[in-house]
K.L.:
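Structure below; questions to follow.
Quick note on labels: first sequence line is chain A, next is B, and so on, each numbered from 1. All values reported here derive from a predicted model rather than from experimental measurement.
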Amino acid sequence: MLDYTPKEYSKREALNINPAKTCQPVGAMYAALGIHKCLPHSHGSQGCCSFHRMFLTRNFRDPVMASTSSFTEGGAVFGGGSNLKTAIKNVFSIYNPDMIAIHTTCLSETIGDDIPTYIMSSQIPEGKIVIHANTPSYQGSHITGFSNMVKGMIKYLAVNSKTPNGKLNVIPGFVNPGDMREIKRLMKEMGIAFTMLPDTSNVLDAPMTGKFEMYPKGGTKVQEIIDAGNSTATLALGSFASADGAFELEKKCKVPAKVLKTPIGVKATDEFLMTLSKLTGNAVPEEIEDERGQLVDIMVDCHYHYHGKKVAIFGDPDLCIALTEFVISLGMIPKYVVTGTPGEAFEREINAMFAEAGIDGKVKALGDLFTLHQWMKEEAVDLLMGGTHGKYIARAEDVPFVRIGFPILDRSVHSYMPIVGYKGAMRIIEMISNALLDRQDRDCADEDMELIM
Amino acid sequence: MKQKIVKQKVDKVLESYPAAVFKNRKEHIVVKSGETQEPQPITANTRTVPGIITNRGCCYAGCKGVVVGPLRDALIITHGPIGCGYYSWGTRRHKGKSTGDEKNFLNYSFNTDLQEGDIVFGGEKKLRQAITEAVEIFQPETVMICSTCPVGLIGDDINAVAAWAQKEFGIKVLAFSCEGYKGVSQSGGHHIANNGLIRHIIGTGDAVVGKYAVNILGEYNIGGDGWEVERILKKIGYDIVSVMTGNGSVRQLSSAHKATLNVIQCHRSINYIGEMMNTKYGQDWIKVNFIGVKSMMKSLRDMAAYFGDQDLIDRTEQVIAEELSDISGAMEHYREICKGKTAALFVGGSRAHHYQMLLQDIGVETVLAGYEFGHRDDYEGREVIPTIKEDGDSKNIESIEVEADPKHYRVFLTPERVEELKDKISLNYYEGMMKKMADGSVVVDDLNHFETEEFMKVLKPDILCSGIKDKYVAHKQGIFSKQLHSYDYSGPYAGFKGAVNFARDIAMGLTTPSWKFATPPWKTEPMLEGSVVGG
């Protein structure tokens, strides 16, 4: 497995090997699926749309609906205006969404298609909406695409009508529907009125009813996005995926933005709840305090399962930042942290955590899994955490592996089960402990087999 | 008779389309008539209407993803932004195993990951550097460059870079201009890949081949299909010179011209090579179908008939008998579970045909079948090729002319043998999918989401055999869906033992107890007690 990955690290300037990121449009498609009765539209070759639907469907094991401009060579040469106008007309008459959310691709960006002009000259039925976001695949990553689409929704829709609604906006970041559900549950328990934007729960974890719904019951309502301009504040969970949208809303509608970590682990969840409490004056209820107490109880009781273990983490920047913080609070050593998404802020933030905890670790933004693997060959770790693609490295190095983040293509149920909040933190501990203890059980001598661990 | 009733149902679905879409789509849908002998033409390999939720992919997917991707010893660099290389990394289950000193790069994804500056100033420099780094780290024998959309638009000359790298490093370097916007589907990419392989690889090797030497074309070893076919062919006594391209290698492929016969599994993706090798090296090809017990038997008998040696014919019968005795009990068991069910098939450029035979083996009737990227000949048979009008999109895909190679051209069959065989086996011919389909079965080209959902409602199949994008749509409707691209990570499904695997998986999907829980009990049972408590 990965037999030609040498231990000796050589600097690469041009060749990306085994990427730890993908391109903007898929993030934009995911964000748009979190709007109720919205059909994402990919303005490019039909292969892009097919790849993105395939990727999302495999991760969520649920239908992912999106349309495409189906460029051919003519469109690439003469511009995609007529393709887009035809597409808009056909989408509304055949699939009848309330809104179309267009994202671009490297093709339509390279030829410089002017989407707003095309939208303006399209036939849009009364009461229907078309929005867009520029998502060139040659910048950033899928996280940038998610962020750009959220920003696009706000740009097009949010309005400050001088009628405060007393709600909080929350942008959950590129997390699973199960995580969005958990964030909503915590806010409900706090007694807070809110709008989550976007919200893929009940869209990409829709129940089996015997009937296929093109537009499942979940998703943020368009009216709620419009009204987001009247909210008290916006919480952006995860600076890479959510901050830009919150700042856009601050700029456009004067709704103050507050950027927090994705609430993964005890510290980040504390910070999330404290912020909610400060913003609304609502106290953290006993039920949630009990959950926190349970989590800390587990952390103390089981610390010897993972304390001092070295871990390599890869994935999306917001996940990596929060997860690194959490494993440090568990007494683990995050030896390597890699994201494929570019951003110096990522390296700064992780390095600051290393410095504070006295950890001699390595971090890389715009990295790839080949680099991570080489680091692991240079100095081994006890555990690898990240998306499915890590399984090749886990096998090559015979290291225990916890699947977390995007994408998870070879296991199921993950999209339903949160990793955020105190409950999510318990689940992460369970996954880490199980992986390490299973390994001990597998490798120990017969006489060392422990019944109780 | 049945045809008229089904046609009415189909027409009713199409009526809800806007006029222009209706006009376009009705040409892509045929309801098979059992009464008329007249040809029933279908429109295929044309543009998908913008806005339609199609299952189709792009030229890059056809070239890199399908045809060249499985070559295990080729280091393939995707030249473009990161997405295309990422999505085609390990996602197609074309298994491959190398032996000896041959390298296997199937678990790696190599990309130039173009950034904005590269799009503005050109990506050739980065590509050169990427090849240099790849060669330094991996020392491959072959490097392939596959372009994505922006590369063609910014005018990178990947052929010049390939020529430079070939000279600089003394290895084979191939460039494929398979930008996503070319053609109308994956199909254009197959053709581009075929052109590259015939131009630069096939004919460059000099392996010594044995008796009954064959190439297997259009077998991609999904879930180990190719390995199962190889097992049987080797048991009979064939020498498999190369497989295109599942578990294939550039090394093997280079000597493909030495084989006597080409057998073609997936007609759509590789028929160009079959035809070009026929012209260039004199090799005949026959269309085979290794999917399904009866079609497997027929394919093996056709191959033996081609060589015409009694030993080989006897050995073929002996192997068939052995294999059948191994599987007949299991097949009968699963047939009992599946028989009487119906299926709709929407997959690829060949499988919607091939799997009808395997479904028949277990008593399942096909009520709808369609290809995602097939051409008219895949539906109607190769005899329609001269009548297919070339449009602008197909003209954009290069069609290369080859000539007989004076050194390697040889003809195996005498004219008398050709005459003798032509009515027995499909020599250099494919009859297409539609001829043998039953009266009233629906044939749909480039089936889209709307039609899938509506046709499921009116035709009510028990099984939808399609891909991942349709799978959960069907499940939500309560219809079992079997992925025929990835086999739902099972397989092999080819050959005799593969047929049992498929039958087992279909029986499992139809009978999983989970279906019974779809409706909560409180929706069907009376929940109010008869008496009023405390009244």
K.L.:
So which part of A:K21 gets closer than 4.5 Å to some heavy atom of chain B, the side chain, the backbone, both or neither?
P.N.:
both
K.L.:
Do the non-hydrogen side-chain atoms of B:I137 and A:S10 ever get within less than 4.5 Å of each other?
P.N.:
yes
K.L.:
Taking every non-hydrogen pair under 4.5 Å, which of A:H52, A:K85, A:E109, A:K89 racks up the most with chain B?
P.N.:
A:H52
K.L.:
Let me know if B:D470 has heavy atoms under 4.5 Å from chain A in its side chain, its backbone, both or neither.
P.N.:
neither
K.L.:
Do A:F51 and B:Y86 make the cut of ring centroids closer than 6.0 angstrom?
P.N.:
no
K.L.:
Given B:E136 and A:L15, is the side chain to side chain contact (heavy atoms under 4.5 Å, CB included) satisfied, shown in steps?
P.N.:
CA-CA 11 Å; B:E136 271 169 17; A:L15 186 67; over 6 Å; no
K.L.:
So, B:K476 and A:D62, do they make that salt bridge, N to O below 4.0 Å?
P.N.:
yes
K.L.:
Pick whichever of A:G340, A:C49, A:S69, A:G74 has the most heavy-atom pairs under 4.5 Å with chain B.
P.N.:
A:S69
K.L.:
What part of B:N107 lies closer than 4.5 angstrom to a heavy atom of chain A: side chain, backbone, both or neither?
P.N.:
both
K.L.:
So, do B:I468 and A:R53 sit near enough that their side-chain heavy atoms are less than 4.5 Å apart?
P.N.:
no
K.L.:
Quick check on the interface: out of B:V120, B:N111, B:L106, B:T519, who has the most heavy-atom pairs with chain A under 4.5 Å?
P.N.:
B:N111
K.L.:
Between A:G47, A:P19, A:P342, which residue shows the highest count of heavy-atom pairs closer than 4.5 Å to chain B?
P.N.:
A:P19
K.L.:
What option among A:L409, A:T105, A:I94 has the most heavy-atom pairs under 4.5 Å with chain B?
P.N.:
A:I94
K.L.:
Side chain, backbone, both or neither: which part of A:P136 has a non-hydrogen atom closer than 4.5 Å to chain B?
P.N.:
neither
K.L.:
Using modelled atom types and a 3.5 Å cut-off, is there a donor and acceptor pairing between side-chain atoms of B:E133 and backbone atoms of A:R12?
P.N.:
no
K.L.:
Would a distance-only check, ignoring hydrogens and angles, find a side-chain to backbone donor-acceptor pair under 3.5 Å from A:N16 to B:T112?
P.N.:
no
K.L.:
For a side chain to side chain contact (heavy atoms under 4.5 Å, CB included) check, start with the C-alpha distance between A:I111 and B:Y181, then their side-chain angles and the critical distance, and finish with the verdict.
P.N.:
CA-CA 12 Å; A:I111 61 175; B:Y181 55 77; over 6 Å; no
K.L.:
Is B:P81 close to A:C23 at the side-chain level, that is, under 4.5 Å between some pair of heavy atoms?
P.N.:
no
K.L.:
Is a side-chain N or O of A:S50 found less than 3.5 angstrom from the main chain of B:R56, in a donor-acceptor match?
P.N.:
yes
K.L.:
Measuring from atom CG of B:L114 to atom SG of A:C106, what distance do you get when rounded to the nearest 0.5 angstrom?
P.N.:
9.0 Å
K.L.:
Find the one option among A:T110, A:V91, A:N18 whose heavy-atom pairs under 4.5 Å with chain B are most numerous.
P.N.:
A:N18
K.L.:
Considering residues, nucleotides and ligands other than B:K23, do more than 12 of their heavy atoms fall under 6.0 Å from its NZ?
P.N.:
no
K.L.:
side-chain hydrogen bond (donor to acceptor under 3.5 Å, both in side chains), that's the test. Do A:T22 and B:Y87 meet it? Break it down for me.
P.N.:
CA-CA 8 Å; A:T22 181; B:Y87 301 117; 2.9 Å; yes
K.L.:
Does a side-chain heavy-atom distance below 4.5 Å link B:R47 with A:S70?
P.N.:
no
K.L.:
Between B:V473 and chain A, with a heavy-atom cut-off of 4.5 Å, which part of the residue counts as in contact: side chain, backbone, both or neither?
P.N.:
both
K.L.:
So among A:T86, A:T68, A:L84, which one has a side-chain contact (heavy atoms from CB on, under 4.5 Å) with B:P50?
P.N.:
A:T86
K.L.:
Would the A:Y4 and B:F110 ring centres measure less than 6.0 Å apart?
P.N.:
no
K.L.:
Are the side chains of B:D118 and A:Y138 in contact, using a 4.5 Å heavy-atom criterion?
P.N.:
no
K.L.:
Does any heavy atom of chain A fall under 4.5 Å from the side chain of B:K125, the backbone, both, or neither of them?
P.N.:
neither
K.L.:
Should A:T57 and B:K471 be marked as a side chain to side chain contact (heavy atoms under 4.5 Å, CB included) after you check the CA-CA gap, both sets of side-chain angles, and the distance that decides it?
P.N.:
CA-CA 9 Å; A:T57 309; B:K471 183 178 178 73; over 6 Å; no
K.L.:
Does any heavy atom of chain B fall under 4.5 Å from the side chain of A:D3, the backbone, both, or neither of them?
P.N.:
backbone
K.L.:
Would you call A:F71 and B:C149 a side-chain contact if the rule is heavy atoms closer than 4.5 Å?
P.N.:
no
K.L.:
Once you round to the nearest 0.5 Å, how far does OG1 of B:T48 lie from CG of A:N83?
P.N.:
11.0 Å
K.L.:
Heavy-atom cut-off 4.5 Å, strictly under: side chain, backbone, both or neither for A:P25 against chain B?
P.N.:
neither
K.L.:
Tell me, for B:E453 versus chain A, whether the close heavy atoms (under 4.5 Å) come from the side chain, the backbone, both or neither.
P.N.:
side chain
K.L.:
With a 4.5 angstrom heavy-atom cut-off, which part of A:A66 approaches chain B: side chain, backbone, both or neither?
P.N.:
backbone
K.L.:
Could you state the interatomic distance from OG1 (B:T132) to CD (A:E13), rounded to the nearest 0.5 Å?
P.N.:
10.0 Å
K.L.:
For a 4.5 angstrom cut-off between non-hydrogen side-chain atoms, does B:I53 reach A:L39?
P.N.:
yes
K.L.:
For side chain to side chain contact (heavy atoms under 4.5 Å, CB included), just list the numbers for B:E179 and A:L107, CA-CA rounded to whole Å, side-chain angles, deciding distance to a tenth of an Å, and then say yes or no.
P.N.:
CA-CA 10 Å; B:E179 287 83 355; A:L107 167 54; over 6 Å; no
K.L.:
Taking B:P150, B:G152, B:G478 one by one, which has the highest count of heavy-atom pairs under 4.5 Å against chain A?
P.N.:
B:P150
K.L.:
Can you tell me which portion of B:I479 sits under 4.5 Å from chain A's heavy atoms? Options are side chain, backbone, both or neither.
P.N.:
neither
K.L.:
Does the side chain of B:W515 come within less than 4.5 Å of A:M208's, by heavy atoms?
P.N.:
yes
K.L.:
Measure across B:P18 and A:N90 and return the closest heavy-atom pair with its distance rounded to 0.1 Å.
P.N.:
CG-OD1, 4.0 Å
K.L.:
Rounded to the nearest 0.5 Å, what separates atom OH in B:Y472 from atom CG in A:L204?
P.N.:
12.5 Å
K.L.:
Could you tell me which portion of A:L369 (side chain, backbone, both or neither) has an atom closer than 4.5 angstrom to a non-hydrogen atom of chain B?
P.N.:
side chain
K.L.:
OG/A:S137 to CD/B:Q115 distance, rounded to the nearest 0.5 angstrom?
P.N.:
10.5 Å
K.L.:
On the 0 to 90° scale, with breaks at 30° and 60°, tag the B:H449-A:Y95 ring pair as parallel, tilted or perpendicular.
P.N.:
tilted
K.L.:
So which part of B:F517 gets closer than 4.5 Å to some heavy atom of chain A, the side chain, the backbone, both or neither?
P.N.:
neither
K.L.:
Could you tell me the separation between the CE atom of A:M54 and the OG atom of B:S486, rounded to the nearest 0.5 Å?
P.N.:
10.0 Å
K.L.:
Please confirm whether the backbone N or O of B:V184 pairs with a side-chain atom of A:Q46, one donor and one acceptor, at under 3.5 Å?
P.N.:
yes
K.L.:
Measuring heavy-atom distances to chain A, does B:T91 have an atom under 4.5 Å in its side chain, in its backbone, in both, or in neither?
P.N.:
both
K.L.:
Just checking, is any N or O donor in the side chain of B:Y108 or A:T5 under 3.5 Å from an acceptor N or O on the other one?
P.N.:
yes
